[in-house]
J.: 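Here you go, one structure.
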Amino acid sequence: MSTEIEKLTQILKESNNIVFFGGAGVSTESNIPDFRSSNGLWNEKLQINFTPEQLVSHTFFVRYPEEFFKFYKDKLIYPDAKPNAAHVALAKLEEMGKLKAVVTQNIDGLHQAAGSKKVYELHGSVLRNYCMKCNAFYDEKFILESKGVPTCPKCGGKVKPDVVLYEEGLDNDIISGAVRAIAEADTLIIGGTSLVVYPAAGLIDYFRGKNLVLINKSTTSADNRADLVIHDAIGKVLGEAVNNL
Ligand SMILES: [Zn+2]
């Protein structure tokens, strides 16, 4: 066992109010690629290539819904993805009473699929979709099976994924819940994020606890602030440390 994993195990042992903050790197180990790494979408009519960020913006959703859903179904929904060792370890920590919340930037619902109960989904979830007119609920399957732009069978309104698009604000209740959890935590573990995407960097500033742990394959802007930095795969690191408990 590496010294780093031993140190993490020790921190987990002495902590009783852990919060995990996770980014895209947590999902890539379930074979969900970061959509920002895609090439975007070439538009024949306009003869321009839209970037991934443009494609999942509110403006794009309103102006080009067909292209939006084409990209969305292709690059943001992974119905066959399964929780990985990181998701499972975090659910186990919560069951043990040590972990109080997961704050995630991912929209795949894999933390809940692994058994996590308290999850703050900063950017929403692809598993929830609502009619923009009558607010009727639709699941992921409905979106995947719809042709072109998903339309509400009840009222004919456009169905929108409950996902925070670029230019849209984050949900206030979710943000304040996440801030409260982080502010009260004795240990904050940040994993699978390089901490450049808003609001990740800002949220860490609320942490007043004892141990700040960073687990990421590459270096992050907060490495120098952390008590423990582990540059390795999140599933392997968390899986091993939690198994040691
Ligand atoms: Zn409707």
Side-chain angles (χ1 to χ4, degrees), residues 22-24 26-27 30-36 38-46 48-83 87 101-179 197-199:
V26 177
S27 293
S30 288
N31 296 319
I32 299 178
D34 187 347
F35 78 93
R36 281 170 297 238
S38 91
N39 295 325
L41 198 70
W42 172 254
N43 187 301
E44 201 61 51
K45 250 183 280 170
L46 302 170
I48 47 170
N49 194 70
F50 289 108
T51 66
E53 286 84 357
Q54 282 175 313
L55 289 162
V56 292
S57 69
H58 184 81
T59 305
F60 196 88
F61 172 77
V62 172
R63 285 171 73 174
Y64 309 105
E66 268 187 45
E67 284 89 347
F68 170 87
F69 278 105
K70 190 179 168 202
F71 183 77
Y72 179 84
K73 287 181 202 176
D74 192 33
K75 301 286 182 198
L76 279 92
I77 308 188
Y78 293 87
D80 298 327
K82 299 273 181 293
H87 298 108
V102 167
V103 180
T104 182
Q105 296 179 288
N106 300 325
I107 54 175
D108 45 48
L110 289 181
H111 285 291
Q112 292 92 330
S116 285
K117 302 279 183 282
K118 196 77 192 158
V119 183
Y120 293 104
E121 297 175 308
L122 296 175
H123 295 159
S125 172
V126 297
L127 305 182
R128 298 183 300 264
N129 306 275
Y130 296 96
C131 170
M132 293 175 80
K133 242 189 196 168
C134 76
N135 219 30
F137 171 87
Y138 293 100
D139 61 10
E140 183 185 39
K141 197 164 161 259
F142 175 85
I143 301 290
L144 279 167
E145 287 174 355
S146 63
K147 295 214 164 42
V149 180
T151 308
C152 177
K154 290 173 190 160
C155 79
K158 194 156 71 165
V159 177
K160 184 179 184 291
D162 188 14
V163 166
V164 181
L165 303 176
Y166 282 88
E167 306 158 357
E168 292 178 346
L170 301 180
D171 184 288
N172 276 331
D173 289 343
I174 294 173
I175 274 284
S176 52
V179 164
V197 183
Y198 172 84

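Every number for a ligand or one of its atoms is a count from 1 in the order of the listing. Side chains included, hydrogens not; waters and symmetry mates left out as well; all remaining heavy atoms used.
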J.: At distances under 2.8 Å, what protein N, O or S atoms surround the Zn ion (ligand 1)?
T.: C131 SG, C134 SG, C152 SG, C155 SG
J.: Please confirm whether the ring centroid of Y130 lies under 6.0 Å from the ring centroid of Y138.
T.: no
J.: Should the ring pair F50 and Y64 be called parallel, tilted or perpendicular, given that the plane angle runs from 0 to 90° and is split at 30 and 60?
T.: tilted
J.: Applying salt bridge (Lys or Arg N to Asp or Glu O under 4.0 Å), name anything that partners D171, two or more places apart in sequence or on another chain.
T.: none
J.: Identify, with sequence neighbours excluded, every residue that meets side-chain contact (heavy atoms from CB on, under 4.5 Å) alongside D34.
T.: A24, R36, S37
J.: Determine all donor-acceptor pairs shorter than 3.5 Å in which one atom belongs to a side chain in residues 145-161; sequence neighbours excluded.
T.:
from, atom 1, to, atom 2, distance (Å)
S146, OG, I143, O, 2.7
T151, OG1, V149, O, 3.1
K158, NZ, F61, O, 3.4
K160, NZ, E168, OE1, 3.4
K160, NZ, E168, OE2, 3.2

J.: Measure the spacing between OG of S125 and CG of N106 and express it to the nearest 0.5 Å.
T.: 10.5 Å
